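One is the number of the first residue; the rest follow in order along the sequence. What's counted below: heavy atoms across the whole structure, side chains too, no hydrogens, waters or symmetry copies. Just so we're clear, the structure is a prediction, and the values are computed from it rather than from any experiment.
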Amino acid sequence: MACGALAEELDAVLSGRGWEVQERYDSAPVPAHPVRVRKTACYIVLAVLLNDQNEVLMMQEAKHECYGTWYLPAGRMEPNETILEAMKREVKEETGLECEPLTLLAVEERGSIWIRYVFLARPTGGTLKAPRDADAESLQARWWDRESPALPLRARDILPLMDLAVRYRDSPSYPMTLPEEMPCALICQRLLATFTNDAGDLWVLLSAVGAPHLPVCARTTSPCKIQNSIQAAACSLLKECCLLPQVTVRAHGVLGLQHLGKNAGKSDGVCFNVLLTVTQGDQSTQETPPELQGESFQWWKIKESNLRSRILQRLSSSAVVPIHSY
């Protein structure tokens, strides 16, 4: 086993730097068509900006169906945009302010084709949009203390995101994480699937197809496959390769994500690097990982102390970007 290359891949994934996605997937829909932004996938960006007074930046909607209500700056990504370019553009268009992204706060998904990227950002310039500047993007923007006045909200789904932003700013639970600009044709996830026992031993699941590597599974963009979330796709792959049926897979969250979007139709996909735990039956009696079927996958016992401690730290404190599937 090429331990040096594997350690390098694990270090990159744990550090949020990403790792190149080869056009060879360990699990993929057939046929696997490249993702097209706004055609076969809908990516939404949303930003939470806080000022020194703990106020949150809000914009007033100009769209007919929600005219006059308030929301966080958000909108759809366009073809040939990176995720961060889209976030900065939406904030500028809807509030008049320029901003710097600080970290990804959450990934939200509805089925396999609707994904929202939630960011914490800070203002860096611009002029707050006044009512005289109203246009098709928004009517105005303001800083809001979340209490007074009681703004009519477009939807209340943003309230937990505001709380999440304040908690992260006050006490970060994971390293600052931003998308890596690396191309990917499909929506997929690279799995850092782990197994631990009571003795503190740690194993990581590897794909043995070609050079050993962390498994990568792509998912369909069919709107009919609404169950094909990050969690569901990972569980499906893990349960297929394990012999015992009573295997439980828990997705802790995202260690990082990769997207480029600069070549429409060829790099509109995204790769989520996801941390998972695999258990079976009564975990307290299991000293070794679940037995695997076939030769496509294998367990790798992590013996290098620094790498092992980094993975265990992420697992013990769930130090990852949360995933919310609806």
Side-chain angles (χ1 to χ4, degrees), residues 13-18 42-59 70-77 81-92 94-95 97-110 114-124 141 143-146 153-181 187 189 192 229-231 251-259 261 270-275 313-315 317-326:
V13 170
L14 288 167
S15 301
R17 298 196 307 273
C42 179
Y43 297 157
I44 308 294
V45 290
L46 180 146
V48 185
L49 281 79
L50 302 170
N51 63 16
D52 294 336
Q53 289 73 47
N54 217 29
E55 296 171 320
V56 63
L57 182 64
M58 300 288 287
M59 52 78 66
W70 293 82
Y71 206 67
L72 292 171
R76 293 185 182 185
M77 282 180 57
E81 276 188 317
T82 69
I83 296 173
L84 294 183
E85 286 173 346
M87 188 274 287
K88 293 178 183 178
R89 173 182 55 78
E90 289 291 347
V91 171
K92 179 67 173 178
E94 296 184 345
T95 72
L97 298 187
E98 298 168 354
C99 70
E100 175 191 4
L102 299 176
T103 188
L104 187 65
L105 278 177
V107 174
E108 301 178 318
E109 55 176 1
R110 289 179 173 87
W114 189 98
I115 302 172
R116 183 160 74 174
Y117 307 97
V118 180
F119 289 93
L120 174 64
R122 69 177 185 90
T124 57
W143 293 101
W144 183 45
D145 66 5
R146 297 189 289 163
L153 302 180
R154 190 185 94 188
R156 297 182 63 83
D157 64 330
I158 59 175
L159 296 177
L161 301 180
M162 296 177 190
D163 293 336
L164 184 63
V166 171
R167 288 198 305 272
Y168 185 93
R169 188 187 65 174
D170 292 344
S171 180
S173 55
Y174 54 86
M176 288 186 177
T177 304
L178 293 173
E180 285 289 305
E181 293 185 7
I187 298 175
Q189 42 267 343
L192 179 47
S229 64
I230 290 175
Q231 171 91 4
H252 291 266
V254 172
L255 292 161
L257 63 89
Q258 304 166 202
H259 171 269
V270 59
C271 178
F272 298 97
N273 297 320
V274 183
L275 181 64
Q313 187 276 329
R314 289 290 193 118
L315 288 170
S317 59
S318 291
V320 288
V321 178
I323 304 168
H324 302 296
S325 301
Y326 305 102

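The heavy-atom pair separating Val274 from Ala251 by the smallest distance is CG1-CB, 4.3 Å. For the residue pair Pro160 and Asp157, the shortest heavy atom distance occurs at CD-O, 3.3 Å. When all heavy atoms of Glu81 and Ala86 are compared, the closest pair comes out as OE1-CB, 3.4 Å. In this structure, Pro101 and Ala121 approach most closely via the heavy-atom pair CA-CB, 4.0 Å. Heavy atoms only, all atoms of each residue included: Ala319 and Arg314 are closest at O-NH1, 2.8 Å. Between Leu84 and Pro179 the shortest heavy-atom distance is CD2-CD, 3.9 Å.
Atom CD of Glu181 has 12 or fewer neighbouring heavy atoms from other residues, nucleotides or ligands inside a 6.0 Å radius.
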> Please walk me through it: do Leu57 and Leu97 pass side chain to side chain contact (heavy atoms under 4.5 Å, CB included)?
Replying inline: CA-CA 10 Å; Leu57 182 64; Leu97 298 187; 4.0 Å; yes
> Hey, mind stepping through Met87 and Val91 against side chain to side chain contact (heavy atoms under 4.5 Å, CB included) and telling me if it holds?
Replying inline: CA-CA 6 Å; Met87 188 274 287; Val91 171; 3.9 Å; yes
>> Under the criterion side-chain hydrogen bond (donor to acceptor under 3.5 Å, both in side chains), I'd like the reasoning laid out for Asn273 against Gln258: C-alpha separation, chi angles, the key distance, then a yes or no.
In response: CA-CA 8 Å; Asn273 297 320; Gln258 304 166 202; 3.1 Å; yes
> Are Arg116 and Val107 close enough, and set up right, to give a side chain to side chain contact (heavy atoms under 4.5 Å, CB included), and what steps lead you there?
Replying inline: CA-CA 6 Å; Arg116 183 160 74 174; Val107 174; over 6 Å; no
> What's the verdict on side chain to side chain contact (heavy atoms under 4.5 Å, CB included) for Leu275 and Leu315, showing C-alpha distance, side-chain angles and the deciding distance?
Replying inline: CA-CA 8 Å; Leu275 181 64; Leu315 288 170; 3.8 Å; yes
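Checked against ring-ring contact (aromatic ring centres under 6.0 Å, His included), Tyr117 has the following partners two or more places apart in sequence or in another chain: Tyr43. Every residue two or more places apart in sequence or in another chain that forms a ring-ring contact (aromatic ring centres under 6.0 Å, His included) with Tyr174 is listed here: Tyr168. Judged as a side-chain contact (heavy atoms from CB on, under 4.5 Å), and not counting sequence neighbours, the contacts of Thr124 are Glu98, Glu100, Arg122.
With rounding to the nearest 0.5 angstrom, the CE atom of Met58 is 11.5 Å from the CH2 atom of Trp143. Within the model, atoms CD1 of Ile115 and CE of Met77 stand 10.0 Å from one another, a figure rounded to the nearest 0.5 Å. A distance of 10.5 Å separates SG of Cys42 from CZ of Arg110, quoted to the nearest 0.5 Å. Here CD of Glu94 is found 10.0 Å from CG of Leu72. Values are rounded to the nearest 0.5 Å. Distance check, rounded to the nearest 0.5 Å: CG of Leu46 to CG of Leu105 gives 9.0 Å. For the atom pair CG of Asp170 and CG of Leu50, the computed distance is 9.0 Å after rounding to the nearest 0.5 Å.
The residue from Leu257, Ile83, Leu120 that alone fulfils the side chain to side chain contact (heavy atoms under 4.5 Å, CB included) condition with Leu104 is Leu257.
A salt bridge is absent between Arg17 and Glu180; no separation between the charged side-chain nitrogens and carboxylate oxygens falls under 4.0 Å.
For the pair Arg146 and Trp144, the NZ or CZ position fails the cation-pi test of under 6.0 Å to the six-membered ring centre and within 45 degrees of the ring normal.
Under the 3.5 Å distance criterion, the side-chain polar atoms of Ser171 are left unmatched by any main-chain donor or acceptor of Arg167. For the pair Thr103 (side chain) and Thr177 (backbone), a donor-acceptor distance under 3.5 Å is present.
Between Val320 and Pro322 the shortest side-chain heavy-atom distance does not fall below 4.5 Å. At least one side-chain heavy atom of Leu161 sits less than 4.5 Å from a side-chain heavy atom of Glu108. No side-chain heavy atom of Pro73 sits less than 4.5 Å from a side-chain heavy atom of Glu90.
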